[in-house]
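What follows is a short report on a single structure.
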Amino acid sequence: MPHNYYTGEKAELKIDGQVHELPVIVGTEGEKAIDIRSLRGQTGYVAFDSGYANTGSCISNITYLDGERGVLSYRGYDIAELAENCSFVEVAYLLDHGSLPTRAELGEFSQMLNDFAMIHEDMIRFFDSYPPKSPPMAILSSMVNSLCSFYPEMTENPLENIDRMSARLLSKVRTIAAFSYKKSLGYPVVYPRHDLSYCANFLNMMFDSPVRPYEINHKVVAALNKLLILHGDHEQNCSTSTVRMVGSARVNLYASVSAGISALWGPLHGGANQAVMEMLQSIHESGGDYRQYVERAKDPKDPFRLAGFGHRVYKTYDPRCRIIKQACDEVLDDLKFSDPLLDLAKELEEVALKDDYFVERNLYPNVDFYSGIIYRAIGIPTSMFTVMFALGRLPGWIAHWKEMWDDPAWRISRPRQVYIGPLSRPFVPIDQR
Ligand code: ACO
């Protein structure tokens, strides 16, 4: 990673009558930051920033995001171009290796993904022990954590094995996701096939059955590739920061990613795609009065929020949502699938975008608002939506874990706090309380 981001410029902080100088950092896109690592040492103060909205936790060269202009790129490539021209495997390679693969590199990488597609037969038995209707994200997170028991290839320097570990994880998570779906239905699992591409293989494991063979539809495969690419990375979001934070304690890749899966599960994060579909379904079933939901979302006394709306970083239209919204029309058209929930979603968006409450707070639909409509059209059940997000986000988590591990400025993540609890209290023995 280049180390020329210090410009020599200094920010001045005047506190307790003294001026302190703090170095300024400028990123390649002109993003500015003040390096406050010496703040406590110089002044005795810590920075307070709940929710980390103003905190840059690392220097990274993976993903660039400008929330004011609605720009998103991976390793310098605009996501719209990647989504239009690449397969998910190419983009996973880009995120994890830093450059787009040549044909030979892509062939080698795809071969590794094929080689690692099976999961240990003993792991398959784990699925039998989960109660019916277990949340698939709970299963995914614990199965991924279990991978380090079966594949303990962490050496003194795990970066030596990182390509194999990444390929193994990318391939096996896909198999685990499909198996968890089959097991939730009580159906036999379908093993991965070496003759199928990454996405086709996943769809086949999800939908093939001994009594009704699955026919691969290339339009469905293309739609899935696009969705996974658009979820590939999103810099320091909650789950990625979790992967980095857990990994900063020098925890192995599988356990760190397992923690990221748990963070993604939340309805304020990746779980929003399921929440959007449930919200649209319930509006539809109750007669389609979406205005009532908009009013509820605006009521400060009501905890309800419009799922799939708003974003910590985007203060304009989420560029991923723009692409997915357009893809919704194309995919539904291609598959001759008509979905009243798509019309409902568009009407809801239109009303919200004209409403002062949403306008004043810069609340736009995010990546999760339309993705569920495509998943539904290609047959993915709502309970699996967040698992699909995890499948897409995996290359990003791996890239960040790798970058964090290799960072010469790495330190264990350990924020401070401002304590406001009681002052020292005399201890009272239990019988006298
Ligand atoms: N519906 C109604 N009001 C909203 C919404 C929403 N979806 N999102 C934010 N607001 C309001 C807040 O109530 C707040 O209003 P106030 O200023 O009157 O108090 C204001 O907008 C700012 O919201 P914050 O909560 O401060 O924004 P924050 O950056 O902390 O949260 C978040 C971002 C969590 C995404 C939020 O917008 C939200 O809950 N959205 C719904 C869930 C969702 O779609 N999550 C997916 C995000 S994308 C992803 O993670 C993959």
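These numbers come from the heavy atoms of this one structure, side chains and all, not from hydrogens, waters or symmetry mates. In each ligand, atom 1 is the first atom listed, and ligand 1 is the first ligand listed. Since the structure is predicted, the reported quantities are computational estimates derived from the model, not experimental observations.
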Check: residues 134-148 side-chain donor-acceptor pairs under 3.5 Å, at least two apart:
residue, atom, partner, partner atom, Å
Ser134, OG, Pro131, O, 2.6
Ser141, OG, Ser258, O, 3.4
Ser141, OG, Ser258, OG, 3.3
Ser141, OG, Ser262, OG, 3.2
Ser142, OG, Tyr130, OH, 2.6
Ser142, OG, Ala138, O, 2.9
Ser142, OG, Ile139, O, 3.3
Ser146, OG, Ser142, O, 2.8

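- Every atom of ligand 1 with a heavy atom of Gly308 under 4.0 Å away is listed here by number and element: 43 (C), 44 (O).
- Less than 4.0 angstrom separates atom 45 (N) of ligand 1 from at least one non-hydrogen atom of the protein.
- Here the two rings, on Phe369 and Phe309, have centers that are under 6.0 Å apart.
- There is no protein heavy atom closer than 4.0 angstrom to atom 22 (C) of ligand 1.
- Residue Ala272 has at least one heavy-atom neighbour below 4.0 Å for each of these atoms of ligand 1: 43 (C), 44 (O), 45 (N), 46 (C).
- In terms of protein heavy-atom proximity, atom 39 (O) of ligand 1 is closest to Arg305 NH1, 2.8 Å.
- Of the candidates Leu306, Asp302, Val313, Leu363, the one placing a heavy atom closest to atom 1 (N) of ligand 1 is Leu306.
- A salt bridge links Arg244 with Glu403: at least one charged nitrogen is closer than 4.0 Å to a carboxylate oxygen.
- Using a 4.0 angstrom heavy-atom cutoff, Asn366 counts as in contact with ligand 1.
- Among pairs with a residue in residues 75-88, those fulfilling side-chain hydrogen bond (donor to acceptor under 3.5 Å, both in side chains) read Asn61-Arg75, at least two apart in sequence or across chains.
- Remark: among candidates Phe389, Tyr314, Tyr357, the nearest residue to atom 11 (C) of ligand 1 is Tyr357, based on non-hydrogen atoms.
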